[in-house]
J.: 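Following this message is one structure expressed as C-alpha cells.
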Amino acid sequence: MKPVLSVSLALMLLTSICVNAIDNITVIGIGCLGICNALCLEKVGFNVLGIDISPEYVHKINTKTLESCEPGVIDYLQKSKNFRASTSLDEGLKFSDVYFVVVATPTTPNDEAYDHSILNSLLEEINKRKVANKHIVICCTVFPGYIHSIAPILLKDCTNVSVSYNPEFIAQGNIIQGFENPDIVLIGEGSREAGDILESIHRKVCKNNPKICRMSAESAEITKLSINCFITTKIAFANMIGDIADKTPGANKYDVLNAIGNDSRIGTKCLKPGYGFGGPCFPRDNRALGSYSKKIGIDPFIPQATDESNKLHARTMAESMINSGDDAYVFEDVNYKDNCPVIILTESQKLAVAAEVAHRGRRVTIRDQEKVIAQVKKNYGNLFDYESI
C-alpha cells in the first residue's frame, strides 16, 4: 500500500517548490507601502528590485541614506543585501517574472472611488514593452471590476500574462508588522499558477499562520472594501452605543461595550468608545463600497449610514465638550490614530472635533510636534492656537 501524504506535508512541498522557482521579484512603486513590501520580501531571501520615478529617492535607497519614520524600514534597509532600486522600468520588467505593483490610487474628488490614472499609465507602459510569460500582481486598492474589465485592455499586446489582485490590510505606522503578521492573505488570482506563487511567497514572508483566502479577482476586489466597511461600521456602532450610554444616567459605556464584545459572535476588536474612524483607508474604502453598490443597483444603506454616523459622533463629542462649560481646550497627538510615528492627518477625527469646537467660538490649542503643527496649519490656518512639544 502506497503511503499517503498528509495535507500539511503536501502544502509544505508545494510551497517549497513554488518559492524555489521564484528567486527574483520586481516591486514597481516603492513609496511608504512598496518599500516595506520590498524589504519584507528581501528579508526572507528573495532578490528584489524596486522601481521608482525619483532619482534622488532611488539614490538614497541604494546608498542606504534614506530617512523614514515608518518603524522597521531603516533597520531592514541597513541589513538588506539583495534589495536595490532603479528608475528604469525596462530593467524592472527584465529582472523577474513576478511584478508587484504598489503605485498610488488616490481618492477621486467626489470621495466615491479611486483614481486609477497612475496605475493605468503604468500598465500602458508595460504593454508597450509587449512582455510575455509574466505575473502582474496589483497590490494597490482598485474599484471592483478593474482587474477583469480594465487591466486586460491596457495589457492587450502582452502574451501569457496573468493579472492578480493582492491588496494588503495594513496601517501606516505599522506596515511591516502588518505584512509579516496578517490575519488573512487575500489573493484574487489571475491564474492557478499565479495563485500558487503568491501563496508560497506569503507563507514565506508571514511569521504567523494566516488564513490564505484565494478567489477570483472580482471577489477579492469586493472583499477588500467589504472588510474595511465592516470595521468602520463596527467602530461607528461602538461610538453610537457609547453616546447612548453617556446620556443614560448610571450607564457606563466601557462596561456596556466590553460585555457586547465578549459575545463570540461580535468580538472585542474595534469595539471601544472614542474618536471615530479616519485615516487614508477606512473612510474612502467605506464610501467606495457604497459607490460600487449604487453603481450595480444596490442601495448602500450601511456604508452611507456608517459614514454619517461617524460624522455625527464627531459633532456629538464636540457638543459634549462645549456643554461642559469650559472656554478653552487642548488637543494633543492629532494624527489620525494615537501614537502614530508617521504624520498622517487624513480625516483625523480628533482634528474634526477640534475644528467643530473652535467654530463654536471656543479657544482650541493644538499641542503636538513641530512637523505635525506645520501640517495642521496648512489645513486650518489660524483657526487654532498652537503649542509645540
Side-chain angles (χ1 to χ4, degrees), residues 5-22 25 27 33 36-37 39-41 43-46 72 98 100-102 135 137-142 144 146-148 162-235 261-271 277 279 281-282 285-286 288-289 302:
L5 279 175
S6 69
V7 174
S8 59
L9 179 57
L11 182 59
M12 289 175 61
L13 289 173
L14 172 63
T15 298
S16 176
I17 291 170
C18 289
V19 171
N20 290 336
I22 301 296
I25 296 177
V27 179
L33 179 59
C36 293
N37 191 330
L39 290 169
C40 288
L41 291 168
K43 189 173 185 291
V44 296
F46 294 103
V98 178
F100 281 84
V101 176
V102 201
H135 296 295
V137 184
I138 295 177
C139 303
C140 37
T141 306
V142 296
Y146 184 89
I147 305 296
H148 175 75
S162 72
V163 182
S164 300
Y165 187 49
N166 182 213
E168 303 288 349
F169 297 94
I170 51 83
Q172 291 190 49
N174 199 30
I175 296 176
I176 288 179
Q177 172 70 14
F179 273 137
E180 295 180 336
N181 299 277
D183 288 331
I184 70 165
V185 172
L186 180 61
I187 300 173
E189 55 190 51
S191 69
R192 181 59 183 267
E193 180 185 5
D196 289 343
I197 291 171
L198 284 171
E199 178 173 351
S200 68
I201 289 172
H202 281 286
R203 289 195 181 280
K204 190 170 184 180
V205 169
C206 293
K207 294 180 177 179
N208 60 347
N209 186 31
K211 174 69 176 178
I212 306 290
C213 301
R214 292 174 58 171
M215 59 192 73
S216 69
E218 295 89 335
S219 294
E221 288 167 332
I222 294 173
T223 300
K224 168 61 167 67
L225 300 186
S226 300
I227 287 176
N228 281 350
C229 181
F230 191 92
I231 294 170
T232 58
T233 301
K234 197 172 181 181
I235 293 170
N262 277 284
D263 187 311
S264 62
R265 296 168 298 176
I266 298 172
T268 58
K269 283 188 176 181
C270 301
L271 198 72
F277 58 84
C281 295
F282 280 166
D285 283 2
N286 180 67
L289 183 64
I302 292 177

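Just so it is clear, the values below take in all heavy atoms, side chains as well, and ignore hydrogens, waters and symmetry mates.
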J.: Kindly write out the residues that satisfy side chain to side chain donor-acceptor pair (under 3.5 Å) with N286, not counting sequence neighbours, or none if the list is empty.
T.: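 Side chain to side chain donor-acceptor pair (under 3.5 Å) list for N286, sorted by chain: T232.
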J.: Mind checking what makes side-chain contact (heavy atoms from CB on, under 4.5 Å) contact with T268, not counting sequence neighbours?
T.: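 Counting only residues at least two positions away or on another chain, T268 forms a side-chain contact (heavy atoms from CB on, under 4.5 Å) with N262.
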J.: What pair of heavy atoms forms the shortest contact from N228 to F169, and how long is it?
T.: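 It is OD1-CD2, 4.3 Å.
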J.: Restricting to side chain to side chain donor-acceptor pair (under 3.5 Å), what partner residues turn up for S164, sequence neighbours left out?
T.: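 Counting only residues at least two positions away or on another chain, S164 forms no side chain to side chain donor-acceptor pair (under 3.5 Å).
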J.: Taking all atoms of both residues into account, what is the closest heavy-atom pair of V102 and C139, and its distance?
T.: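 Answer, listing the atom of V102 first, then C139: CG2-CB, 4.2 Å.
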J.: Just to verify, what does S219 make a side chain to side chain donor-acceptor pair (under 3.5 Å) with, not counting sequence neighbours?
T.: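 Expected list: S216.
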J.: Would you mind reporting whether Y165 and L198 have side-chain heavy atoms less than 4.5 Å apart?
T.: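 A side-chain contact under 4.5 Å is absent here.
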J.: Minimum heavy-atom separation for I175 and I170, please, with both atom names.
T.: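 Closest approach of I175 to I170: O-CG2, 3.8 Å.
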J.: Could you grab the distance from atom OG1 of T223 to atom CD of E218, nearest 0.5 Å is fine?
T.: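 The OG1 atom of T223 sits 11.0 Å away from the CD atom of E218.
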J.: Which heavy atom in G72 sits nearest to a heavy atom in I176, and how many Å separate them?
T.: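 Distance-wise, the nearest heavy atoms are C-CD1, 3.6 Å.
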J.: Not counting sequence neighbours, which residues clear salt bridge (Lys or Arg N to Asp or Glu O under 4.0 Å) with E221? List them please.
T.: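 Residues passing salt bridge (Lys or Arg N to Asp or Glu O under 4.0 Å) with E221: none at all.
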J.: In Å and rounded to the nearest 0.5 Å, what is the CD1 to CG distance from I266 to L271?
T.: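 It comes to 7.0 Å.
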J.: Rounded to the nearest 0.5 Å, what separation is found between the SG atom of C229 and the CD1 atom of I222?
T.: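 If we round to the nearest 0.5 Å, C229:SG and I222:CD1 are 12.5 Å apart.
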J.: Which atom pair, heavy atoms only, marks the closest approach of I22 to F46?
T.: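 Scanning both residues, the minimum pair turns out to be O-CE2, 3.4 Å.
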J.: Shortest non-hydrogen contact from H135 to S191?
T.: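 Shortest heavy-atom separation between H135 and S191 comes out as CE1-OG, 4.0 Å.
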J.: Show me the donor-acceptor pairs, under 3.5 Å and distance only, between side chains in residues 206-213 and residues at least two apart or in other chains.
T.:
residue : atom : partner : partner atom : Å
K207    : NZ   : E180    : OE1          : 3.2
N208    : ND2  : P182    : O            : 2.7

J.: With sequence neighbours left out, write down each residue that passes side-chain contact (heavy atoms from CB on, under 4.5 Å) with I302, or none if nothing qualifies.
T.: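 If we apply the side-chain contact (heavy atoms from CB on, under 4.5 Å) test to I302, skipping adjacent residues, the hits are T233, T306.
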J.: What residues, two or more places apart in sequence or in another chain, satisfy ring-ring contact (aromatic ring centres under 6.0 Å, His included) together with F100?
T.: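 For F100, no residue satisfies ring-ring contact (aromatic ring centres under 6.0 Å, His included) once neighbours in sequence are set aside.
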J.: Apply the test side-chain contact (heavy atoms from CB on, under 4.5 Å) to residues L186 and I227: give CA-CA distance (whole Å), side-chain angles for both, the deciding distance (0.1 Å), then the verdict.
T.: CA-CA 11 Å; L186 180 61; I227 287 176; 5.6 Å; no
J.: To the nearest 0.5 Å, tell me how far K224 NZ sits from C140 SG.
T.: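 So the gap between those two atoms works out to 10.5 Å.
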J.: Residues two or more places apart in sequence or in another chain: which of them pass side chain to side chain donor-acceptor pair (under 3.5 Å) with E189?
T.: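 Partners of E189 under the side chain to side chain donor-acceptor pair (under 3.5 Å) test: R214.
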J.: Go through it in stages, so that I can follow the logic: the residues are N166 and H202, the test is side-chain contact (heavy atoms from CB on, under 4.5 Å), and I'd like the CA-CA distance, side-chain angles, deciding distance and then a yes or no.
T.: CA-CA 10 Å; N166 182 213; H202 281 286; 2.7 Å; yes
J.: So does V44 get a backbone contact from the side chain of K204, meaning a donor-acceptor N/O pair under 3.5 Å?
T.: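 Judged by distance alone, yes, a pair lies under 3.5 Å.
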J.: How far does CD1 of I197 sit from CZ of R192, to the nearest 0.5 angstrom?
T.: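 I197 atom CD1 to R192 atom CZ measures 12.0 Å (nearest 0.5 Å).
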J.: Set out, in order, the CA-CA distance, both residues' side-chain angles and the distance that settles side-chain contact (heavy atoms from CB on, under 4.5 Å) for I25 and I201, then state yes or no.
T.: CA-CA 10 Å; I25 296 177; I201 289 172; 3.8 Å; yes
J.: Restricting to side-chain contact (heavy atoms from CB on, under 4.5 Å), what partner residues turn up for C270, sequence neighbours left out?
T.: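 Per chain and number, C270 pairs via side-chain contact (heavy atoms from CB on, under 4.5 Å) with I231, K234, I235.
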